[in-house]
Structure formats: C-alpha cells, structure tokens
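Step one of this worksheet: look at the structure below.
Predicted, not measured: the structure shown is a model, and the values here were computed from it. Just so it is clear: chains get the letters A, B, ... in the order the sequence lines come, proteins before strands, and each one is counted from 1. Side chains included, hydrogens not; waters and symmetry mates left out as well; all remaining heavy atoms used.
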There are 2 protein chains.
Amino acid sequence: MKNKPESPHCSTCGSRHKSVFCSIESEEVKEIDNIKGCNFFDRGQVIFHEGNRVNGIYCINKGKVKIYQTGSEGKEQIIRFAKEGDIIGYRALLSEEPLSASAATLDDAVVCFIPKSQVLKIIQNNPSFNFKMLKILSHELGEAARIITDLAQKPVRERLAESLLLLKDTFELDEDKNIQVKLSREELANIIGTATESVIRLLSEFKKDKLIDIDGRNIKLINIPALTREANIID
Amino acid sequence: MKNKPESPHCSTCGSRHKSVFCSIESEEVKEIDNIKGCNFFDRGQVIFHEGNRVNGIYCINKGKVKIYQTGSEGKEQIIRFAKEGDIIGYRALLSEEPLSASAATLDDAVVCFIPKSQVLKIIQNNPSFNFKMLKILSHELGEAARIITDLAQKPVRERLAESLLLLKDTFELDEDKNIQVKLSREELANIIGTATESVIRLLSEFKKDKLIDIDGRNIKLINIPALTREANIID
DNA sequence: TTAAAAACATGAATTTTATCATATTTTTGT
DNA sequence: ACAAAAATATGATAAAATTCATGTTTTTAA
C-alpha cells in the first residue's frame, strides 16, 4: 500500500530556483502556495487532454512528462517533454485557445496547479517573470522550427539518432551513460514519426554498430560523437 | 526605371490597426515613427539571415514573406509565411538567441525596422502590447505543433492538400478562387518536405481530379471541401 | 530578340519506409 | 505462480516516395 505523500510547498520546492519561478518574491511565493493545488500521478496517467480548456498552468514538482498530439488516424505524436521544474499548459492559457496537446506522465509524478488568475497576476506585477515567459515561448518556437525541418528533411535513421541525443540533453545520462528516461519503442517511434518496427530495427543496428547498448528500455549512449554524425548535426 | 517610393508612416499605416500595434497610443506611435527605419525589397531578396543576431523587429508594411530554415543538406524548409501587418524577427529578439530562420520576400515588399530598445520599451510600458506578444508566440507554438504532427504522420498527398488550404487561409483567394500568392513548385515542396517532382505530379493529379485548376503558378481552388477531405482534416 | 538559364513535366528505376505475418519475450493482473 | 496481454523482434512483401534521366516550356538577362 502506498503512503499518501505530503503536498510539496513552493517555499521549500527544490526545483523552484532553476525554474521560471526563480525570481519570484517570497511574498508572491506564499500567495502561490496558498492558492495552488497539487496532484499525485502514477506512471502513464493523463494530466490534461488536448481540446479541453485550461484554467491555469501545471508545474512539475517531480517526474517526467510527455506532451503529445493525436493525429488524424489516432496516432500519438510526441511534441516535447517536460520534467521537474518545468511548467506545462501555459501555451493554451496565454493564447486563450483549447489545449493543442495532451500531457501524460512517464513515471510517478507530482504536479502542482496554479490558477489562471494567479498566473496573470504574476505576469502583470513581475516584469522579470513576464520576460521569462516571453523567453520560454520564443525559445520553444525555435526548437519547434528545428523539429519541423528535421522531420521534413531527415531520413528515419538520422531522426532516431537525433532524438536519442535530444533525450540525452533533456533528461541527461546516469553514471553508466544510460539515458535517464524509459520510453517504449512505440513512444520513440511517436517522437520521430515512424513505425514501431523501424525503431526496433534501427536500434538493433545502432547496437550492432556500437553506437548504443540496449537493455530493455534502457539505452546506453556509448559513442555520442558517432551518433551526432548519424544524426547529421553540424553545430 | 523605378520611382523611389515614399517611406510609410506608422500614423497613416493602413495595416497598423489589424496588427500587434493596434492598441498603441498615439504618443507611442510618434515615437516609433521617429526611430523606425524602412526598406524596400524586390522579389526574392533576403530580409534577414539565419544564424545572425537581430537587433530589432521587422514589421511588414507591404508584401509577402517566407520564413525558412536551411536543413543539413542545404535544402530550404519553409517554416511559415508573413504578410502586411505581421511582424517577424521577434522570436530571436525575445529569446536572445541567433535567428533560427531566414526571411525572404515573395514579391516586392516594404519592411520597417523597429530597434530592440524601442520594442522592449513598449513591452514594458504597454501591458496590452505585452499580452499580445505572449498571445502571438503561444498561438504560433500551437501552429508549429500541428505542423509537426502532420509532417510526422500524413503522407505527401495529404500534406500538399493541407498546405494549399493553409495558403488559402493565410493569403486568401481572389474573386476567381486563385490563391493570392505565387510560389514555385520547389517552394511548395519546401513547405511540405518532399521532392519538387512529387509536387508537380500531385498538382497534376489534383487538377485531373477537379480539385484545383493550374495556370503557371496560379492555383485555383475549385473544390475546397474535397481538398479538405484529401488533407484529412477533421475540424 | 535571342541565347542561356531556370522551372516545369514525365517515365523508369531505385531506395526508403510501412505493413503484414508470426514468433518470442516481458510485463501485468489475479 | 500463472495465464493473458502487451511489448519486442524479425522476415517477407508491399507501398510510398525519391532519384535519375531526359525533354519541354517559360523566364531571364545580355
């Protein structure tokens, strides 16, 4: 049986200082703490669903999250990932549009919810937070553009190599060079827009070519420079 | 010989009222007018180039613009379009990153330049403008996500149908249902991420199937509902 | 106006990638 | 612990899309 964990507090939140909330005044922190909600998710649970209206933003206190759209054939397309300290749902909130994507946990996670009114209040009263939001959005937009170009132009093999490197940058490697996130072959396929079988075959090839090692969903990057070349990344 | 045209003024700019600047005070308009620069471009000229630093935003007074990235094989990937009243270059300015894409004119165009200092001043002093920027960025991000899913999941034929509909929505149709922008087959291919020959073949098919009519670079949409079905768009 | 260049067009061959079929392994729930 | 379900794996086939070759038309520049 699972112990009901304690709701985290913003004032003691370890990830706050590396997040968009790092420049928030202690007065504001208290206010957020009082008004925020907190939810505990098991692996694979949906945090919010594409098409719905959103009434605040979600702040990931713990855990890893995938943000994905459902294509016209019902196939999942992973747009991006989020982790501890990241916020999600802000796009729909700020554009005043329905959610363009769903979010689901990749492991057990703790996610806080800050209501719209509070978010808007901070944006209006805290120029530094405001500018951080502009920065996050415009950075994301640049990332999206690069993904568009890669999907449009790179073959599947290069896209897979690239997404392994992306996962490395996002979730980092442990001491044994394992990517610190566990994804199914199908989820990998849903990042790069290919068939699950293609991912399985290409991962085996990468392993045979000594670029990676595989143990179940554990992927070890043993030759990152070669992977970078496979991904055809110049910079 | 070409007459040197008069530089436009923000105070009399017809497109200002439907732009992000619609809520700017007349005092601020004067200020922008004094500090802004203006450039006249012929068709096909580059406004700014990927990788460079940007020191302000560009406001399109007249003309149509493509924003594109160069892929690792040197192939152009069109990310989005902009037209009269739109601003470009704001992503790099706000993220304080190099330009993630280049911009080039699709016809003769007039483009004004507003320096960074002035833009930041407006953002700080005009909450309405500020919020509009947040809204533009987050809307763009939603569009980008949809493009990612389509590129990853839809076959070339559907993507072409969809991009014709996108061009219709962006540039509108004239009284004869012609899309109000002239693109080469190669440029169409560079939107949807395919080979020029594929676009040529598929356009012929669409014509044969009475979905469109073609006269050079003029594309007439004669059966939009059927095109929508071809594009596999539900909403 | 005319030659050169670029864009458009079309068929054939090739490559890439997806789909289908079928095992095998791993995970999950009782 | 065990059956069922899900995920992984692999080969064969099919479909999708690109590349290459070549010819025609249109545009551009001298």
Side-chain angles (χ1 to χ4, degrees), chain A residues 1-2 42-45 71-77 104 106-108 150-163 181-208 212-219 230 232, chain B residues 1-2 42-45 66 71-77 104 106-108 150-163 181-208 212-219 230-232:
Chain A
M1 199 194 281
K2 218 178 250 181
D42 293 331
R43 177 183 136 76
Q45 281 193 289
S72 46
E73 311 285 80
K75 195 184 171 189
E76 165 183 301
Q77 178 62 38
L106 295 167
D107 48 16
D108 292 355
D150 289 343
L151 279 172
Q153 299 193 358
K154 287 185 179 174
V156 173
R157 187 184 167 93
E158 292 182 19
R159 299 211 301 273
L160 178 59
E162 180 151 42
S163 79
V181 66
K182 307 271 165 287
L183 297 173
S184 68
R185 307 292 191 262
E186 187 178 4
E187 283 171 320
L188 284 170
N190 293 343
I191 301 171
I192 67 182
T194 190
T196 306
E197 293 95 323
S198 298
V199 168
I200 292 169
R201 274 182 253 267
L202 288 167
L203 284 179
S204 301
E205 279 185 35
F206 285 172
K207 184 180 179 178
K208 202 188 63 195
I212 64 171
D213 237 327
I214 317 175
D215 176 27
R217 293 189 180 178
N218 228 37
I219 298 176
E230 288 285 342
N232 205 348
Chain B
M1 199 192 282
K2 218 176 247 181
D42 293 333
R43 176 182 139 76
Q45 282 192 288
K66 64 177 173 184
S72 45
E73 312 285 82
K75 196 182 169 189
E76 165 183 302
Q77 178 63 38
L106 295 167
D107 49 16
D108 291 355
D150 289 343
L151 279 172
Q153 299 193 357
K154 287 186 179 175
V156 173
R157 187 185 168 93
E158 292 182 20
R159 300 212 300 272
L160 177 59
E162 180 152 39
S163 79
V181 67
K182 308 271 166 285
L183 297 173
S184 68
R185 307 291 191 261
E186 188 178 4
E187 282 172 322
L188 284 170
N190 293 345
I191 302 171
I192 67 181
T194 191
T196 307
E197 294 96 322
S198 299
V199 168
I200 292 170
R201 274 181 253 268
L202 287 167
L203 283 179
S204 301
E205 279 185 37
F206 285 171
K207 183 180 180 179
K208 204 188 62 195
I212 64 171
D213 238 326
I214 316 175
D215 177 26
R217 293 187 180 180
N218 228 35
I219 298 176
E230 287 285 342
N232 204 350

Least distance between heavy atoms, [X] atom then [Y] atom:
X       : Y       : value
G44(A)  : A104(A) : O-CB, 4.5 Å
R159(B) : G193(B) : NH2-O, 3.1 Å
K207(A) : I214(A) : NZ-O, 3.7 Å

Inter-residue atom distance [X].[atom1] - [Y].[atom2], 0.5 Å rounding:
X       : Y       : atom1 : atom2 : result
L203(A) : I212(A) : CG    : CD1   : 4.5 Å
D215(B) : R217(B) : CG    : CZ    : 12.5 Å
I200(A) : R185(A) : CD1   : CZ    : 6.5 Å

Rounded to whole Å, how long is the line connecting atom [atom1] of [X] with atom [atom2] of [N]?
X       : N       : atom1 : atom2 : result
L202(B) : dC8(C)  : CG    : C1'   : 15 Å
E186(A) : dT26(C) : CD    : C1'   : 16 Å
E73(A)  : dT19(C) : CD    : P     : 9 Å
I200(A) : dT22(C) : CD1   : P     : 18 Å
K182(A) : dT27(C) : NZ    : P     : 12 Å

Task: Set of side-chain hydrogen bond (donor to acceptor under 3.5 Å, both in side chains) partners for K182(A), sequence neighbours left out - done: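 For K182(A), the residues satisfying side-chain hydrogen bond (donor to acceptor under 3.5 Å, both in side chains) (neighbours in sequence not counted) are N218(A).
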- [ ] Mind grabbing the angle between the end helix axes of the helix from dT1(C)-dA30(D) to dT30(C)-dA1(D)? Five pairs an end, 10° rounding.
- [x]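 Between the first-five-pair axis and the last-five-pair axis there is 60°.
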Task: Pairs involving residues 193-206 of chain B, ordered by first then second residue, that meet side chain to side chain donor-acceptor pair (under 3.5 Å) (sequence neighbours left out) - done: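 For residues 193-206 of chain B, and leaving out neighbouring residues, the side chain to side chain donor-acceptor pair (under 3.5 Å) pairs sorted by first residue read R157(B)-E205(B).
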- [ ] With a 4.0 angstrom cut-off to heavy atoms of chain A, pull out the first and last contacting nucleotide of DNA chain D, in 5'-to-3' order.
- [x]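 The footprint of chain A covers dA7(D) to dA12(D).
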Polar atoms only, N or O, under 3.5 Å: list the protein pairs with nucleotides 28-30 of chain C and their distances.
none

Open item on the list: Side chains of I219(A) and F206(A), heavy atoms from C-beta outward: is any pair under 4.5 Å?
Closed with: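 Result no, sub-4.5 Å side-chain heavy-atom pair not found.
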Open item on the list: Any heavy-atom pair between the side chains of I192(A) and V199(A) that's under 4.5 Å?
Closed with: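 In short, these two side chains touch, coming nearer than 4.5 Å.
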Open item on the list: Looking at dT10(C), I'd like to know if its phosphate oxygens (OP1 or OP2) sit under 4.0 Å from a side-chain N or O belonging to S204(B).
Closed with: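 The answer is yes; a side-chain N or O of S204(B) sits under 4.0 Å from OP1 or OP2.
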Open item on the list: Just to verify, what does E187(B) make a salt bridge (charged side-chain N to carboxylate O under 4.0 Å, His left out) with, not counting sequence neighbours?
Closed with: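 Applying salt bridge (charged side-chain N to carboxylate O under 4.0 Å, His left out) to E187(B) gives K66(B).
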Open item on the list: Which residues pass the salt bridge (charged side-chain N to carboxylate O under 4.0 Å, His left out) test with D107(B), not counting sequence neighbours?
Closed with: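 Salt bridge (charged side-chain N to carboxylate O under 4.0 Å, His left out) check on D107(B) returns K64(B).
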Task: Close residues, residues 189-199 of chain B, relative to DNA chain C [heavy-atom separation under 4.0 Å] - done: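 Result for residues 189-199 of chain B: E197(B), sorted by number.
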Task: Selection: residues 152-162 of chain A, any non-hydrogen atom under 4.0 Å of DNA chain C - done: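 Close to the strand are P155(A), V156(A).
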Task: N/O donor-acceptor pair under 3.5 Å between D108(A) side chain and R43(A) backbone - done: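 It does hold such a pair.
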TODO: On DNA chain D, check which nucleotide each of R201(A) and R217(A) is closest to and give me the residue with the more 5' one.
DONE: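 Its nearest nucleotide being more 5', the pick is R217(A).
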Open item on the list: Checking Q77(B) now: which residues fulfil side-chain contact (heavy atoms from CB on, under 4.5 Å) with it, not counting sequence neighbours?
Closed with: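 Partners of Q77(B) by the side-chain contact (heavy atoms from CB on, under 4.5 Å) criterion, ordered by chain and then number, come out as I148(A), T149(A), A152(A), Q153(A), I79(B).
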Task: Any residue meeting side-chain contact (heavy atoms from CB on, under 4.5 Å) with D150(B), in chain and number order, not counting sequence neighbours - done: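 Testing D150(B) for side-chain contact (heavy atoms from CB on, under 4.5 Å), a comparison that skips the adjacent residues, returns R146(B), K154(B), E162(B).
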